[in-house]
Amino acid sequence: MIGVDLGGSKLLGGVVDEHLEVHARVLREVHGLKQAKIVETAVEAVNELRESVPEIDAVGFGIPCLIDQSTGVAVIAVNLDIENFRFRDAMEERLGLPVFMDNDGNVATLVEQRFGAAKGASDVVGLTIGTGIGGGLVLNGRLYRGHWGAGAELGHMVVDEDGPRCQGNCPNRGCLESVASGTAIGREGRMAAEDEPESELGKALAGDQEITGALVTTLALGGDEVSRMVLGHIGRLLGVGLANLSNIFNPEVIVVGGGAMHAGDLLLEPAREELRARGLPPNRDQVQVVPAKFGPEAGMLGAAVMALDELELATAPV
């Protein structure tokens, strides 16, 4: 199988076997590309992978997008220029292979439940924290997509009705994504740098460095107290979302992945504390909040696992 994680900034693809071994990889930049160029880039990446391993049965795509599974239409993406596009048909026509697609948060959660940090759990919530926040649900052992396939947009639950405007194509304010994503870490970090010019974060700003979530995390891991305070603040806001998810779904495990997880417990421990303070028993006392196992490759691996599942279903005797 080929699994492709088509993110808001990068495309990561790989040839993945049933044992989750990766035989080839390809990486492309997609940040700022228009829809037609995104499609062209994805086709080129898949064809490069097929050159290295010619015998490919299907391709799975994980896309940060609302998807209508009945039609294969990528309805709208918050951080990617894709809208009302028959993605599945277009890819099958260009590649000549069966193509399956799902939300990137769904496929990342699927691989963590099947092989990773939540292996063996039947009820799992997944969050991927990067530029935005993706979500996925495995309920009673099965991937849950909702009626049309566009469910589990967990990053767009509102946790502050008067909060910052959400990014990209989201019309809302105060979404979890707007207050607890990597983008939010960068925004809060810049404000903290302005308020605390003597901190390492403040010195970075004075030196014309861009204050990003990654920089805040690096400085926090290096001991900068102001950067640690920023991560603690974001972690508590994340914990508000985790409490909601715990109360609604009563999962065994909440898996948190994405680039922001380089911060580790500097982000997760305040989130766990907030969950314990706000959640309802017995959920708050039993749910495990754990970092993802597969890191930045979760979307790629999950897309391949999803494609294998869907191909088996499509070819199973009636």
Salt bridge or not for [X] and [Y], using N-O below 4.0 Å?
X	Y	result
Glu297	Arg25	yes
Glu177	Arg165	no
Arg88	Glu92	no
Glu44	Arg94	no
Asp162	Arg173	no
Arg272	Asp265	yes
Glu29	Lys37	no
Arg114	Asp309	yes

Is the backbone of [Y] close enough, under 3.5 Å, to the side chain of [X] for a donor and an acceptor to pair up by distance?
X	Y	value
Glu112	Ala117	yes
Arg187	Ser178	yes
Asp17	Glu21	yes

Salt bridge (Lys or Arg N to Asp or Glu O under 4.0 Å), that's the test. Do Glu188 and Arg236 meet it? Break it down for me. CA-CA 13 Å; Glu188 294 295 322; Arg236 287 187 292 275; over 6 Å; no
Which pair of heavy atoms, one from Ser246 and one from Val287, lies closest together, and at what distance? OG-CG1, 4.1 Å
Closest non-hydrogen atom pair, Asp123 against Leu139: OD1-CA, 3.6 Å
Give the C-alpha distance, both sets of side-chain angles, the deciding distance and a yes or no for side-chain contact (heavy atoms from CB on, under 4.5 Å) between Leu80 and Gln35. CA-CA 8 Å; Leu80 200 64; Gln35 181 172 286; over 6 Å; no
Would Phe100 and Phe61 count as a close aromatic pair, with their ring centres under 6.0 Å? no
Given Val159 and Asn244, is the side-chain contact (heavy atoms from CB on, under 4.5 Å) satisfied, shown in steps? CA-CA 9 Å; Val159 295; Asn244 290 335; 4.0 Å; yes
Would you say Ile133 and Leu154 make side-chain contact, with heavy atoms under 4.5 Å? no
In the structure I gave you, are the side-chain heavy atoms of Leu127 and Val255 within less than 4.5 Å of one another anywhere? no
Could you walk me through whether Ile67 and Gln69 pass side-chain contact (heavy atoms from CB on, under 4.5 Å), step by step? CA-CA 6 Å; Ile67 293 171; Gln69 287 288 353; 4.0 Å; yes
